[in-house]
Structure formats: C-alpha cells, structure tokens
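All heavy atoms count here, side chains included; hydrogens, waters and symmetry mates do not. So you know, we letter chains A, B, ... as the sequences are listed, proteins then strands, and number each from 1.
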Amino acid sequence: MRLSQYPINTVKETPAEAEVTSHQLMLRAGLIRRLAAGIYTWLPLGLRTLRKVERIIREEMDHAGALEVLMPAVQPAELWQESGRWDQYGPELLRLKDRHDRAFVIGPTHEEVITDLARRELKSYRQLPVNFYQIQIKFRDEIRPRFGVMRGREFIMKDAYSFHADEASMAAGYDAMHAAYTRMFTRMGLNFRPVRADTGSIGGSASEEFQVLADSGEDAIAVSDGDDFAANLELAAALPPTQPRPAASAPMATVSTPKTRTIAEVSALLGVPPERCLKTLIVDGDDGGVVALVLRGDHELNAVKAQKLPGIANPLCMATPERVLAATGAEPGSIGPVGLSCRVLADHSALALADFVCGANQRESHLTGVNWVRDLPEAEAADLRNVVNGDPSPSGTGTLTVVRGIEVGHIFQLGRKYSEALKATVLDTAGKPTTLFMGCYGIGVTRVVAAAIEQNHDDKGILWPEPLAPYQVLLITMSPARSEAVRTAGDALYAQLTAAGIEVLYDDRDARPGVKFTDAELLGIPHCVVIGERGLAAGTLEYRHRRTGGNEETPADGILDFLRSRFAPPV
RNA sequence: CGGGGCAUGGCGCAGUCUGGUAGCGCAUCUGGUUUGGGACCAGAGGGUCGUAGGUUCAAAUCCUACUGCCCCGACCA
C-alpha cells in the first residue's frame, strides 16, 4: 500500500479519552476509531493486524482438527430461556425485540446456539469427538467498557466448543486446545502464561486462562519461580505457615485508639507492625446471619475464595454498618474476633499469630497481647487471602511472585452443564441416549491486538512482533518530490518486493524526512528500508530494524536476499 | 449500578469563579521559501460553546433537567 493513498492521519497529541498505552497508540497510529463507548471501527492498518491474528488462530484450530462454523450474532430468546441464562445473565446481555415483538439477544457467547446445533446434528457416539469453532462478533453490554478494544462492548472472539461421549475424551480435547493455544500465542510472538483460573459464571470444572504478561494488565497472576505453576490471584492457594504458633508471652490489655480506623493508623499509633494486627471483616452468611472473616493486617481478602466457603453468601457481600454494629457492638474500625457470638473464620496466617492486636468491639478501642485459645476460641481455619510476593508456591516448589496480565484466552471443561439443560444427547454403544460432555475455548481476538501493543512498544510507538505487523517492510523515500531518481527507485523497489510476495508499506508521501521517520516509529513496522539520493549514487540502500534501531548500508541489488535474511524465522 | 470528573472548530486546550467582541497550539487549504529526524513566512477556511428549558437589557459563563464521554469499584475474551 502506498501511504500517499492512505487518507488516515497519524496524530501527534495523545487523545484525552485514552488511558492505556495500547489504546493511545492505536488511535495515534490510525488503527482504530471510536464510534460509541466500547464500539470501534477498524481502519485498514489495524484490520491487517487483526486478520493476521485471525489467520494464526484459524491455522492452529484447523491443525488441531477443529471445524469452522459461523453462527448468528442475533439469537432467539427461547434458547436462553431454555438454558436458564435468560434470567441469570443480567444486564450485560443485550436484549431486543423484532417487529413481531419476538425477543432476541445479541450473542455475548454461543453455548446455547452451538448446543442446539449439536443436539440436532449429532446422533451417534461415532460422530464424536468434534470441535466446532468460529471467529465472530460478540456483544456484551459491559458496565464499564474501557481501554479501547481491550474491553470493548462489541468485540471479535474466537469461540470453540467441543463435544464428547465421556469425561476422558473431554479432558483429551481440552489438552489439545491447551496445546493449540500455546502454539498460537507463541507464533504471535507474545510473552504469555497459561494460568489456573476460576470458572466464574460459565461454570464447569477445569479451567485455564492464557495471560499476556504486561504491567497494565487488569488481572493479577501468581507465578512460581520454582516450576511452571501459575494461577490467577483469585484462585492461587495460600499455604498455611509451616512454623507452629509461638507461645503467648503478653497479657491481653485494652488500649484507647481514638480516631483510628485503618490497620495502618492502628499500627502507627501502637507501634505494632501491620502483620501483627488482625483485621476483621463482617460479611453476610447464606442463612441470613453474618460471618466474621479474620485476616492478618497486611493481607487482603480474596473474595472468590471466601464466597466459595460453605455458609457464606455467594456472591460475597459485606455486611451493612447496622448489621456490623448489631453483631459486634462496635463500628468498623474497632471490631475484632474476641467475644464474638457469630461464626468466626480466620485465615491460616492470622491463626499463626501470637500476642497480636485487634479491635476490641468497643468504640475507638483495640486489644493488645491477644492470643488464640487463651483469650478467644480458636477460629475455624480457612484460606481467605490473596497470596503475596514471597509466599510459597502451592505446587510445593519455589516461591510466588505476583505479576499483571491481560487475559486473551480462556479454556474450560464444561461437563454437562449446557448439554443437560438443552437435552443434547447421542446414542452410545448400547444404543442408549447419553448426555454429551462439552468443553469451550475462547480467545479475545481484538484484545490480542491491544495486548500485543501493550507488551511491545517504546516511547516512540509500536514495536510489532513480526507475525502480527500489518506489513513486513516499510519503504521510505527521502524527498521524492525533489528527486526523480529517488522516486523511480522507490517505485521500482516497491514493485520488486511486492512481486516477491513481501508485504510492503510504501511511504511515498511528499513529506519531510522527520515526519516520515516519526511516523515510521509510531507505526512500528519491523523492517524499514530508506531510499535517499546519497545512497542511490553509491548503489546502496539503508536498512533499520524498528526494535533494534541503528542504520545499516546494504547493496541495492541484493536487497531481497538481505531482507529475507533479516526476517524472523517462522515459529 | 455506586462514587468522582469532563463536554468550547477535526485533535489538544484556555476562557466559566467575577455575565458584555469566542481565543491559543496542532491539523487543513492557498502562495512562497525550504528539505536526512515532527520546517519557516504570508494569507484563508472552519465553532448553534453537548441538548432543552429558565434568570437577565445581555449567557460559553448563573440556575434546572437531560444526554454523551472519561476515571475508580464489582464483571469478563
């Protein structure tokens, strides 16, 4: 493509609406434009990268034996009522009616449609296993779309659904997708980790997320330095301390702690480090009562872990101040586990403390020198907290570090959740109907593009991983309007490279060199060839690589082989 | 949905407190001089100041309602 014929501008100033780097760069480089909140147009340059992501996904899905289909974006409400998700999904599901007043949804996902297809088309165990996938537009009416296409409302997803006669086949299909995903993201040149994940609202048993590692990621991931263990923070288990609880050495005493509400304030006032203070949170139980959750002062409550515990409301709900007062006799800021009549759950690390500080359940008072058993009954032990840097890995090897990630893929073993609801069965070897086992496997295609930029940029612009770059080579002519020789050489080289099957973006604009170079850096095409008069006279071209920088002179007549030697070998 | 903020040429902003001629930079167009790292000079076009009411002799500015967008939280590819 000739840049002189690409009418979209690059932008110098960072648009005010964009917060994260990838969003800013995508707008500045002219990859996307916003139409409404969370809804974007893909411009030619951005679309090329999007298509490259799609192509790699298709190749690896096909290679894994999956079959491509294309399902409708608009789906009848009946299917959602049948699966029960019409009522469960909530306002994120965009519902609409047609002219006959029939209810439809814009599909946020396609379990219902694919399961409907499966129950109609699949009749025998002999047809299994099978994996259908599509690359298609989804709509989720997110509460808060943000970060450009990273969390849009309309987005492109690759979703795949596998069907199996038994659990072992489902597990094998899951493993095959795990391998396919690993190949895809490796081919895309992304630094990623598969991590264990919570199954959330989709349901099912085993589940892993594929996370692109980036500091701006919305997800926290705990990774072990001893082996390949990695888990989403919501799921990463905090092991109980191995050392036994020290013996009590201090008497319990009540101290006045006026105007202190937070652990930090109490800690500062009493001169006791936060890790020797306890914080007590009152949450709703599932029986109408309340439950006290006790954590070490320096630890954070993990809501996903807590709400899975029996007796605790799911989703987790903090008790109202009135209920806290009724249950403890004090307001948040001065509450503690001593003398509570409600059920008390304590995190393992909180239970390992001796001579600790906690709220006294009296206004603006705390207790010091408190000890389990001696001063209050030993609470039920539970894993309630987020792991922190330095915690031992649940895998038993190494210690954990918490890093940030962008979730670009998620794979699930669904079991029979949807096939049961929609009565999707096949005949087994005995000729009896058997309910299908399912797996489902998603990739946020549009999000991959943003994640790739988030992970690959510098202060000047994008640094495309070679397999995702909209073009392989950027060809720049220096002042073509002034030099016919440069212009002719540029046109000829453009034709030559294009004929050789190389994807070339040709900056033939009549713009000053500085403009062209800064745009080159913004756009992030990996390989750049510069044609100028002074090189032309010597029979040389200039080459520079976006990531490594620097200028190299190379003979003009060997440019094709030279470039090919610089291309990254395919993964 | 709860909390906070913003809305003024295509983009980024000032002007709003204290009502009185709509302004700056970038971008765009014309002419000229320039040309290896976002040029310079001269000129030009482009804005119902988010929408609708209200107060006032007079509203971008004060009041009311609404809409859109952004940020923080819970949800997710």
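In this structure, of B:C76, B:A74, B:C70, it is B:C70 that holds the atom nearest to the side chain of A:R34. Considering only side-chain atoms of A:A37, the nucleotide from B:A77, B:C69, B:G37 that sits closest is B:C69. Closest to the side chain of A:P513, from the set B:G37, B:C76, B:G73, is B:G37. Checking B:U35, B:A77, B:G73 against every side-chain atom of A:T446, the shortest atom distance belongs to B:A77. Minimum atom distance to the side chain of A:A36 is reached by B:C69, of the listed B:G38, B:C1, B:C69.
As the counterpart of B:C26, B:G10 is assigned, both hydrogen-bonding distances of the Watson-Crick or G-U wobble pattern falling under 3.5 Å. The partner of B:G36, taking Watson-Crick or G-U wobble pairs whose two distances both stay under 3.5 Å, does not exist in any strand shown. With a cut-off of 3.5 Å on both pairing distances, B:A59 has no Watson-Crick or G-U wobble partner at all. Here B:C66 sits opposite B:G50 as a Watson-Crick or G-U wobble pair (both hydrogen-bonding atom distances under 3.5 Å). The partner of B:U16 cannot be assigned: no Watson-Crick or G-U wobble pair with both contacts below 3.5 Å exists in any strand. Here B:C1 sits opposite B:G73 as a Watson-Crick or G-U wobble pair (both hydrogen-bonding atom distances under 3.5 Å).
The base of B:C75 does not come close enough to the side chain of A:D141 for any donor and acceptor atom to sit less than 3.5 Å apart. The base of B:C76 sits with one of its N or O atoms less than 3.5 Å from a complementary donor or acceptor on the side chain of A:R447. Taking only distance into account, the side chain of A:R151 meets the base of B:C76 through a donor-acceptor pair shorter than 3.5 Å.
Residue A:R512 places no side-chain N or O under 4.0 Å from the OP1 or OP2 atom of B:G38. Between A:R144 and B:C72, a side-chain N or O to OP1/OP2 separation shorter than 4.0 Å is present.
In this structure, A:L190 places its CG atom 18 Å from P of B:A77, rounding to the nearest Å. If you take CZ of A:R509 and P of B:G38, they are 14 Å apart, rounded to a whole angstrom.
Nearest heavy-atom pair across A:M478 and A:P513 is CE-CB, 3.2 Å.
Of the listed residues (A:E300, A:H299, A:E234, A:K305), just one forms a side chain to side chain donor-acceptor pair (under 3.5 Å) with A:N386, and that residue is A:E300.
Remark on RNA chain B: of its neighbouring residues A:E218 and A:V20, the 5'-side contact belongs to A:V20, judged by nearest-heavy-atom nucleotide. Between A:I156 and A:V530, the residue whose closest nucleotide on RNA chain B is further toward the 5' end is A:V530.
Rounded to whole Å, the P atom of B:A52 lies 23 Å from the corresponding atom of B:C57. The gap from the P atom of B:G23 to that of B:A39 amounts to 28 Å, rounded to the nearest Å. Going from the C1' atom of B:U28 to that of B:C72 covers 38 Å, rounded to whole Å.
Remark: aromatic rings of A:H178 and A:F210 are close, center separation under 6.0 Å. For A:Y181 and A:Y441, the ring centers are positioned 6.0 Å apart or more.
A distance cut-off of 5.5 Å between ring centres, combined with a plane angle under 30°, leaves A:F517 outside any stacking arrangement with the base of B:G36.
The side chain to side chain donor-acceptor pair (under 3.5 Å) test applied to A:K279 returns no partner, not counting sequence neighbours.
By the 6.0 Å and 45° rule, A:R95 does not stack over the aromatic ring of A:Y89.
In this structure, A:G514 reaches the sugar-phosphate backbone alone: every heavy-atom distance under 4.0 Å involves primed, P, OP1 or OP2 atoms, never a base.
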For nucleotides 23-33 of chain B, tabulate all protein N/O to nucleotide N/O atom pairs closer than 3.5 Å, reporting atom names and distance.
from  : atom 1 : to    : atom 2 : distance (Å)
B:G25 : N2     : A:E13 : OE1    : 3.0

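A donor atom on one side chain and an acceptor atom on the other are found under 3.5 Å apart for A:E111 and A:T109.
In this structure, the side chains of A:L233 and A:V387 come closer than 4.5 Å at one or more pairs of heavy atoms.
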